[in-house]
Amino acid sequence: MRVTWETACDVLVVGAGIAGTTAALAAAERGVRVTLASAGATFSGASFYGGTWGLGVVGPDGAADEPDMEKTILQVGGGVANPTLVHALVTGIAPAIERLERRGVSLRKPSNPGEREYIPCFDHKTRSWHGLERQPYRLAIAQGLERAGVHRLERCLLLDVVVAGQGTCGERTSGGQLAGAVLYSMGARRAFGIRCRSIVLATGGLGGLFGRRLTAPDVLGSAHAVATTHGASLVNVEFVQLMPTIFSPVSGIVFNEKTFRYLEGTGCAQDLLEMRSGYGPFTASRPSCAVDLAIDGAGSTGLRVRYRTLPDPLPEFVRTYFDWLSRRGISPTDELRIAHSAHASNGGIRIDAAARCAGGPSGLFACGECTGGMHGANRLGGLSSANCLVFGEIAGRGAAEWALGRERSEKADGVELAEEANASASDAITAMRSILDERCMVVRTEMGLKAAVAELDELCQQAAGDLMPTSDMRAIACTLLARQQLASARAMTAAMLARPDSLGSHYRAS
């Protein structure tokens, strides 16, 4: 099946969370034609997932605080973060906040910023904190995208990026110049090509590959495989955030770490609960990992806990969380069941300080949670949104400048899409999720990870081999997506196996 070009733009942005919408707006403001494509709706992905109670943007408390913040990120990151990217992130946060406000996004500021609850996860002091509320962001940025003439394509799945000279969708290439991308419209059930000069990947992290996950359904983890197929590399993908999650009385809601100190039923000493209240994601780097091991030991059904008598008045940060819980039908007096879910990624596609994909084709950029290097084994709280804002701007600006300086490649007149599908592709993904949940959550062992790699290898071979001819475009797209997700899961699991020591969110029991 020959997929030909149906439309053209200068910059294609894939992913429409904070990183993607920031990149699209940054590119369009430089006078280029921008198309914003997303597997879900515009304003989707992890940024707008309803199971988390809010978004905070943390930054340095003035220019004088920047060196300390950079040093802290590198320390809590366990030595695996890239200092150049950390510097670009920290120094870019204050300008990013100013841009948001110029674009009309109203940010919430705390009434009591000195409360210990406002100390970011893994940090040692309070910083500049802003609450980024989703609805004000949607309204202001939607208006900005419309004014800038950004063309939106919703419910469109990225099947591949196309490099000049590439003949078949999924064909391996290294280097070269981007010619465009192949997308699949889930509504129309057809594939089509977009010719463009540059592409920004802003597709989210790897948490969506797990069965127990605290992510939106359009966080697919497939773009990592697309990027590496074309010469890009991955970094720090073994560091996936595992978040305590409420599974009962309402399922799939993040548990606020600041309330650990008020819990009973964990079997852990109060000093460990106090320490555990200082950060959200699991880490093996502190003694309070005993709290997470107690939760994990209860199995997937969750550990039964309750809040003891709460202080009156509650700290502002905690009161806001309980108000949010009550709107979802949970009272502080309810018995809770909590277990761990895969959430955000601290690693991903390797980029440089200009957000270019290292080793990828010319014109391929990436930003947001699908990238790595600016975080380490642990990540300061509030830096996920900051990362999306800072590197979204850098990627969008860089992609626009690249597009303005080059002619669109005319070497490729389309790409071949194999008319074949695997009838068990969805079963392979179900099996992949079970493997990751069983072997790659809190407790990881050499035996378990070796088994996971072998099992994923077998699934990859089956997905590539048991193909039948078909003209059903939906089945073809599902097969390609399954192969990409399996490849991403295989790369992540191999990275976990290759790191024998416990570090941050990566805990090796043996």
Spell out, as yes or no, whether a donor-acceptor pair under 3.5 Å connects the side chain of [X] to the backbone of [Y].
X	Y	answer
Ser198	Ala399	yes
Arg213	Gly211	yes
Asp472	Arg474	yes
His340	Met441	no
Asp218	Ser44	no
Asn346	His375	no
Ser222	Leu481	no
Arg195	Cys9	no
Arg379	Val76	no
Thr228	His224	yes

Taking all heavy atoms of [X] and all of [Y], pick out the closest pair and write down the distance.
X	Y	value
Cys169	Val415	N-CG2, 3.4 Å
Val3	Gly193	CG1-N, 3.6 Å
Ala16	Ser38	CB-CB, 3.6 Å
Leu12	Ala37	CD1-CB, 4.2 Å
Glu171	Asp160	N-OD2, 4.3 Å
Met1	Glu416	O-OE1, 3.2 Å

Original post:
Between Arg103 and Glu393, does at least one N-O distance fall below 4.0 Å, as a salt bridge requires?
Top reply: yes
**OP:** State whether Lys258 and Glu115 are salt-bridged, where the test is any N-O pair (Lys NZ or Arg NE/NH1/NH2 against Asp/Glu carboxylate O) under 4.0 Å.
**Re:** no
If we only count heavy atoms from C-beta on, is the [X] to [Y] side-chain gap below 4.5 Å?
X	Y	value
Leu55	Ile18	yes
Tyr49	His343	no
Ile141	Leu25	yes
Leu89	Leu383	yes
Leu153	Thr35	yes
Ile349	Leu201	yes
Arg189	Tyr184	yes
Pro83	Leu74	yes

Distance (rounded to the nearest 0.5 Å) between [X] [atom1] and [Y] [atom2]:
X	Y	atom1	atom2	value
Ile394	Thr22	CD1	OG1	11.5 Å
Arg33	Arg197	CZ	CZ	7.0 Å
Thr283	Phe239	OG1	CZ	9.5 Å
Cys196	Trp5	SG	CH2	7.5 Å
Asn256	Phe317	CG	CZ	5.5 Å
Leu206	Cys440	CG	SG	11.5 Å

Subject >> Derivation and outcome, side chain to side chain contact (heavy atoms under 4.5 Å, CB included), residues Arg99 and Leu389 >> reply: CA-CA 9 Å; Arg99 277 193 302 271; Leu389 293 168; 5.9 Å; no
**OP:** Answer with yes or no whether the side chains of Ser362 and Gln177 bring together a donor and an acceptor at under 3.5 Å.
**Re:** no
**OP:** For the residue pair Thr320 and Arg108, confirm or rule out a side-chain donor-acceptor distance under 3.5 Å.
**Re:** no
Original post:
Above 12 or not: heavy atoms from other molecules or residues under 6.0 Å from CD of Gln135?
Top reply: yes
**OP:** Run the numbers on Val105 and Leu132 for side chain to side chain contact (heavy atoms under 4.5 Å, CB included), then give the verdict.
**Re:** CA-CA 8 Å; Val105 179; Leu132 180 57; 3.9 Å; yes
**OP:** Classify the ring geometry between Phe43 and Phe48 as parallel (under 30°), tilted (30 to 60°) or perpendicular (over 60°).
**Re:**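 Geometry flag for Phe48 against Phe43: perpendicular rings.
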**OP:** Report the residue from Arg127, Glu316, Lys125 that forms a side-chain contact (heavy atoms from CB on, under 4.5 Å) with Tyr118.
**Re:**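 When side-chain contact (heavy atoms from CB on, under 4.5 Å) is applied between Tyr118 and each of Arg127, Glu316, Lys125, only Glu316 qualifies.
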Original post:
Pick from Ile73, Thr72, Thr91: which one makes a side-chain contact (heavy atoms from CB on, under 4.5 Å) with Val86?
Top reply: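 In the set Ile73, Thr72, Thr91, the residue that makes a side-chain contact (heavy atoms from CB on, under 4.5 Å) with Val86 is Ile73.
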Subject >> Stepwise side chain to side chain contact (heavy atoms under 4.5 Å, CB included) test for Thr126 and Asp61 >> reply: CA-CA 8 Å; Thr126 56; Asp61 191 11; 6.0 Å; no
Original post:
For Leu480 and Leu417, what are the C-alpha separation, side-chain angles and deciding distance, and is it a side chain to side chain contact (heavy atoms under 4.5 Å, CB included)?
Top reply: CA-CA 10 Å; Leu480 285 171; Leu417 193 61; 3.6 Å; yes
